[in-house]
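Below is one structure, written out as structure tokens; the observations come after it.
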Amino acid sequence: MVETTLPFDSRFQGGLLYLLASDYDFLRNVLPEFHSKYLDAGEAHIKLFKLINAVWTKTKKPLTVNILKNSILALKEKGVYSEGDSFGMNNILDAGKLLAPSEYEYIKENVYNFLKHQSMALAFSESLDFYEKKDYDTVYHLMSKAYKRTFGMENSLGLDYMNEPIHDKY
């Protein structure tokens with residue numbers, strides 16, 4: 001397994017976007033749980049995710065890196081993306097090609113942990129203002145909503161025992 005200094009750093013997020021762009025089964029499984037707010041590695045990551053989501057939503061067909069690069073170029077020519085935007089998104093896609101197979105596996109194994117972590121981190125961040133205002137009902141609502149969302153994702157939060165039947169020991 002590949003060691004990383006930060007488990008969900010920009011390299012992880014870039015690799016995740018590359019896998020969304022190049023692995024159709026991965027895309028179909030992960031995209032419904034994903035939100036652009038979960039990406040905190042830079043604006044290019046967010047824009048690339050929104051483009052992946054838009055192209056897939058429109059076509060529902062397998063994506064390729066070349067399809068996305070052509071979409072970036074077309075949107076750049078229309079003035080939707082600046083030179084910097086298209087350069088950043090293309091760099092993410094190019095960097096994703098350079099990942100080792102073990103790094104792809106690491107991303108696939110940890111994608112749901114990333115989504116859960118980011119969902120809870122976002123809920124904490126959103127609830128801080130309400131906590132300072134002593135609006136504890138809203139804090140509770142935000143946190144419970146995030147917890148329920150993460151609990152419903154592909155992997156449980158280590159609460160597998162809740163799904164197992166209870167056997168009376170007596």
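Please read all numbers here as calculations on a predicted model, not as lab measurements. Along the sequence shown, residues are numbered consecutively beginning with 1.
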Sub-4.5 Å side-chain heavy-atom contact between [X] and [Y]:
{"X": "Lys108", "Y": "Glu105", "answer": "yes"}
{"X": "Val30", "Y": "Leu19", "answer": "no"}
{"X": "Leu20", "Y": "Leu48", "answer": "no"}
{"X": "Leu122", "Y": "Glu126", "answer": "yes"}
{"X": "Phe26", "Y": "Leu31", "answer": "no"}
{"X": "Tyr18", "Y": "Ile107", "answer": "no"}
{"X": "Ser71", "Y": "Leu51", "answer": "yes"}

Measuring from [X]:[atom1] to [Y]:[atom2], what's the distance to the nearest 0.5 Å?
{"X": "Leu63", "Y": "Tyr24", "atom1": "CG", "atom2": "OH", "result": "8.0 Å"}
{"X": "Ser82", "Y": "Leu75", "atom1": "OG", "atom2": "CG", "result": "12.0 Å"}
{"X": "Leu16", "Y": "Ser10", "atom1": "CG", "atom2": "OG", "result": "12.5 Å"}
{"X": "Asn90", "Y": "Leu68", "atom1": "CG", "atom2": "CG", "result": "9.5 Å"}

task: Given side-chain contact (heavy atoms from CB on, under 4.5 Å), test Tyr81 with Met89 step by step and report yes or no.
output: CA-CA 10 Å; Tyr81 292 143; Met89 289 187 281; 3.4 Å; yes
task: Evaluate whether atom OH of Tyr136 has more than 12 neighbouring non-hydrogen atoms of other residues, nucleotides or ligands under 6.0 angstrom away.
output: yes
- prompt: Got more than 12 heavy atoms from elsewhere within 6.0 Å of CZ, Phe124?
  reply: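 No - once you tally the heavy atoms of other residues, nucleotides and ligands closer than 6.0 Å, there are 12 at most.
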Where do [X] and [Y] come nearest, in terms of heavy atoms and distance?
{"X": "Asn29", "Y": "Tyr112", "answer": "O-OH, 3.2 Å"}
{"X": "Leu99", "Y": "Gly15", "answer": "CD1-CA, 3.5 Å"}
{"X": "Leu93", "Y": "Ala21", "answer": "CD2-CB, 4.0 Å"}

Any sub-3.5 Å donor-acceptor pair from [X]'s side-chain atoms to [Y]'s backbone N or O?
{"X": "Glu103", "Y": "Ala100", "result": "yes"}
{"X": "Asn53", "Y": "Phe49", "result": "no"}
{"X": "Thr59", "Y": "Val55", "result": "yes"}
{"X": "Gln13", "Y": "Phe8", "result": "yes"}
{"X": "Ser127", "Y": "Ala123", "result": "yes"}
{"X": "Tyr104", "Y": "Gly96", "result": "yes"}

task: Only pairs at least two apart or in different chains count here, so list each salt bridge (charged side-chain N to carboxylate O under 4.0 Å, His left out) that has a residue in residues 43-66.
output: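 Residue pairs passing salt bridge (charged side-chain N to carboxylate O under 4.0 Å, His left out), neighbours aside: Lys47-Asp85.
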query: With sequence neighbours excluded, what pairs up with Asp129 under the salt bridge (Lys or Arg N to Asp or Glu O under 4.0 Å) test?
result: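 Listed in chain order: Lys133.
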query: Thinking salt bridges, do Arg28 and Asp23 make one under a 4.0 Å N-O criterion?
result: no
- prompt: Between Phe114 and Phe12, is a ring pair (Phe, Tyr, Trp, His ring centres under 6.0 Å) present by the stated rule, with each step listed?
  reply: CA-CA 9 Å; Phe114 167 75; Phe12 179 93; 5.4 Å; yes
message: Does Asp135 form a side-chain contact (heavy atoms from CB on, under 4.5 Å) with Asp137? I'd like the steps, not just the answer.
response: CA-CA 6 Å; Asp135 184 357; Asp137 289 337; 4.1 Å; yes
Within one Ile-Leu-Val-Met-Phe-Trp-Tyr cluster: [X] and [Y], side-chain cutoff 4.5 Å:
{"X": "Val65", "Y": "Ile52", "answer": "yes"}
{"X": "Tyr38", "Y": "Tyr106", "answer": "yes"}
{"X": "Tyr131", "Y": "Met143", "answer": "yes"}
{"X": "Tyr140", "Y": "Leu128", "answer": "no"}
{"X": "Leu39", "Y": "Met120", "answer": "no"}

Candidate pair Lys69 and Asp94, rule salt bridge (Lys or Arg N to Asp or Glu O under 4.0 Å), full reasoning: CA-CA 10 Å; Lys69 286 189 172 206; Asp94 291 340; 2.5 Å; yes
